[in-house]
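These numbers were taken from a predicted model, which means no experiment stands behind them. Counting from 1, the numbers follow the sequence of the chain as shown.
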Amino acid sequence: MHKTIYIDADEEITSIIEKIEIEESREIFLVVPKDAMLVQGVVNLKLLKKEAEKLGKKIVLVTSDKYAKRVIKSVGFQTKDKTSQDFSSQQEKPVPAKKAKIKEEEAPSRQSEEDEKKPAKRTIGSPNFFDGDPDDNEDIEEDRAGETSPSEEEERPAGQRSPSARNASFSKRRTRKLPVRGGFIADKEEEKERERNEESRRRNREETEHSESLSQTENSEAHLFNKKPEKREAGTGKTEFIDESKLESFYNGHENSSGRMNNRGSLFSKNNRKDKHSKPSAASLLYGIGGLVLLAVFSFAGYWLYFKLPRVDIEIHPRFKEASGKLELKAKEAGAVSSSDKAVIQGHLNDFEVTQSQTFQATGEKFSSDKGKARGRVKIYNRYSGQNQPLVATTRVLSEEGKLFRLTEGVTVPGMKGEEPGVVEAKVIADEPGDEYNIEPSKFTIEGFKGGPKYEKFEVESEQKMQGGEESVENQKVKAVTEQDIDKAREETVDKLKSSLASKIRSKAGQGMIFLEGSAEKEIIENTSSHQAGDIAQEFEYTVKEKVKIITFSENELNEQIKKSLGAKMEEGYAFDKIIEIEYVKDIADYENKELDLTVEARAAYRPLIEKEKIKSELNGEKSEEIKQYLSTLDKIEKAVITYDPAWLSSFSVRKENISIRGRQ
């Protein structure tokens, strides 16, 4: 069987733990009022749980406060809603005196002297229950301070009774019990308190009746017969008129014989003047304001729906038309007079030089010096023709043994004289150092003629042994520029100049000027290499310089002439949009007269002129289907995209003020 304990809202945790300690039941229902100090935080609850675990008791906290439940559950206590069914059968039952006496006899007889000095606890059914000290009544009065007597609670309506009175059927306040004699509480102080409460209720009833009488008197006699307000003496039935000088003190209340303020004045002013001077309550004001706000919201919503919705956005894709034609023009310097009937646009003669330089890597190899190389002389015979044949230095001659030699200086081989070949003597040097080049007299071929008719007709032979060839540690191979390197560098540099010429001319011509590169006059005036063939070098630079003449002309003036020419062919109701394509059929430059003859074929797009305001007027009040039908009949529109905002109002008619039309105009 569990035990139910009620605690106060401001009761300390130490007091609650003491109540739990003195209870014998192992299961205790602790009823917690709203906003109790116990559940304001987890510290008190944790202390309570720790003490309950020490005592070996199960604590169930009973409350209807949702916040308190969350705090209680976070600590680990079990909670329960506060209902009368849970506690109606759980009240303290009086323990028969005989059983209490037996229990007391069975209790340990040994107690400390300090425990013997303490007053024994009195509980219902205990032997010392009726041995109460009269002074204990003071504690009872403190426990009952502020409570309403049972007789007062019975006279109140059920809804206005205090919680302690409403729960009186199933709960009791834990207080010290008074001795019971014949079923009545033998307490003089309580009897006196009951008499005082009866006297107070009697006076309140008389004052209420008196207030009602005053109200009637004020409304009838005082107003009709201009009499002064009257008052009645409680319990006598006598009536006397009140002096006007005493009205203020009467309305404001005065002290009764017990020293407490009565409420006649307040009752009179509230009950009797309520109809005359009543003020609207806060709730009625809130309801009124809320109603006005709702009315304003609905009015604004209605206005918005009618005048501002739906909104329709129409994106128009117009149907473009194209025009094309051929146009002959002449570009001349500004201010020049044309001798022909062609349209003239502004032109300008540009005469400037452009330079292109590039760096190349040397691919040839040679030894850093001639040290260790074999040397000798050879005779070269020309059996090919009667024309002289020049040979440059470094011309290669290859011996029958496969050893390569080079001419140390350039020579010219004479042509044939009849059947006699032309002959010349030249110095040669081995291509590499080493004693293997010290070869005996041998025959040679010129490697530069290999693959051609001259290869067999030019004979080279030595009459003496090559000498001086030896191994050399100091003489090593290094990079050298060859004729092939220079020729390749020339070709690549010229090609680079051609590809970059357009950008170079554009930088010279200026902003907004057009040129035709095909009409340019170009001349290479210089090409140089930083190194010659045979020079020892890792890389070299090749430069090409070119002189350019070209006539440029104004792009804006060309476009205006095209628009003017093609616009004459376009029907009314269309406007120029853009030039799609220009093809230059002919461009002939006359640099002496500084003019350029042009023949161009052009193609341009023209857009229709759409009257947006007229379309809005036609669509005023129309719905979605009518709008689509109308737009499909306009031949100047290729496509239209219609968007409703909000989309669910697409079936409603639309006002022209809510229509927006976008598209190229």
Could you check if a side-chain atom of [X] sits within less than 4.5 angstrom of a side-chain atom of [Y], using non-hydrogen atoms only?
X      : Y      : value
Glu555 : Asn559 : yes
Val312 : Ile642 : yes
Asn350 : Lys549 : no
Leu48  : Leu30  : yes
Ile550 : Ser519 : yes
Lys545 : Ile524 : no
Lys58  : Gln78  : yes
Val641 : Asp313 : no

Which distance, rounded to the nearest 0.5 Å, do you find between the [atom1] of [X] and the [atom2] of [Y]?
X      : Y      : atom1 : atom2 : answer
Lys616 : Lys612 : NZ    : NZ    : 8.0 Å
Ile637 : Ile316 : CD1   : CD1   : 4.0 Å
Ile16  : Ile13  : CD1   : CD1   : 4.5 Å
Asp587 : Glu517 : CG    : CD    : 11.0 Å
Lys656 : Glu618 : NZ    : CD    : 10.5 Å
Leu501 : Lys496 : CG    : NZ    : 12.5 Å

> Does the side chain to side chain contact (heavy atoms under 4.5 Å, CB included) test come out yes or no for Phe652 and Lys623, once each step is laid out?
Replying inline: CA-CA 6 Å; Phe652 285 71; Lys623 298 181 180 179; over 6 Å; no
>> Could you go through Ile615 and Leu631, starting from their C-alpha distance and side-chain angles, then the distance that decides it, and tell me whether this counts as side chain to side chain contact (heavy atoms under 4.5 Å, CB included)?
In response: CA-CA 9 Å; Ile615 293 176; Leu631 294 176; 4.2 Å; yes
> Is there a side chain to side chain contact (heavy atoms under 4.5 Å, CB included) between Phe576 and Leu566 once you walk through the steps?
Replying inline: CA-CA 9 Å; Phe576 174 81; Leu566 299 183; over 6 Å; no
Grab the two heavy atoms, one from [X] and one from [Y], that are nearest each other, plus how far apart they are.
X      : Y      : result
Ser650 : Tyr644 : CA-CD2, 3.4 Å
Leu497 : Val544 : CD2-CG1, 4.0 Å
Lys636 : Gly573 : NZ-O, 3.5 Å
Leu619 : Tyr630 : CD2-CD2, 3.5 Å
Leu38  : Leu45  : O-CG, 3.7 Å
Ala343 : Gln561 : CB-OE1, 3.6 Å

[X]/[Y] ion pair, N-O < 4.0 Å:
X      : Y      : answer
Glu571 : Lys321 : yes
Glu491 : Lys488 : no
Lys594 : Glu333 : no
Asp65  : Lys34  : no
Arg655 : Glu657 : yes
Asp597 : Lys586 : no
Lys522 : Glu546 : no

Check: [X] side chain, [Y] main-chain N or O, donor-acceptor pair, under 3.5 Å:
X      : Y      : answer
Lys326 : Val600 : no
Ser565 : Ile562 : no
Tyr584 : Leu516 : no
Lys569 : Ala323 : no

>> Please determine whether salt bridge (charged side-chain N to carboxylate O under 4.0 Å, His left out) holds for the pair Lys547 and Glu353, giving the CA-CA distance in whole Å, both sets of side-chain angles, and the decisive distance to 0.1 Å.
In response: CA-CA 4 Å; Lys547 186 176 182 180; Glu353 293 179 355; 6.0 Å; no
>> Other residues, nucleotides and ligands only: do more than 12 of their heavy atoms fall within 6.0 Å of OH on Tyr287?
In response: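 For Tyr287, atom OH is not crowded (no more than 12 foreign heavy atoms under 6.0 Å).
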> Is the NZ atom of Lys508 crowded by more than 12 outside heavy atoms at less than 6.0 Å?
Replying inline: no
>> Taking side-chain hydrogen bond (donor to acceptor under 3.5 Å, both in side chains) as the criterion, tell me which of Gln346, Glu595, His348 meets it with Lys332.
In response: Glu595
> How far apart are the C-alpha atoms of Tyr542 and Arg490, what are their side-chain angles, what is the distance that settles it, and do they pass the side chain to side chain donor-acceptor pair (under 3.5 Å) test?
Replying inline: CA-CA 7 Å; Tyr542 201 91; Arg490 183 186 298 108; 2.9 Å; yes
>> Regarding Asp590 and Asn593, do their side chains bring together a donor and an acceptor under 3.5 Å, going by distance alone?
In response: yes
> Is a side-chain donor-acceptor pair under 3.5 Å present for Thr543 with Asn527?
Replying inline: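 Judged by distance alone, the side chains do not pair up.
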> Do Glu622 and Ser653 pass the side chain to side chain donor-acceptor pair (under 3.5 Å) test, and can you show the C-alpha distance, the side-chain angles, and the key distance before you say yes or no?
Replying inline: CA-CA 5 Å; Glu622 300 293 347; Ser653 60; over 6 Å; no
> Does the pair Leu309 and Asn658 meet the rule for a side chain to side chain contact (heavy atoms under 4.5 Å, CB included), with working shown?
Replying inline: CA-CA 7 Å; Leu309 296 178; Asn658 297 337; 5.9 Å; no
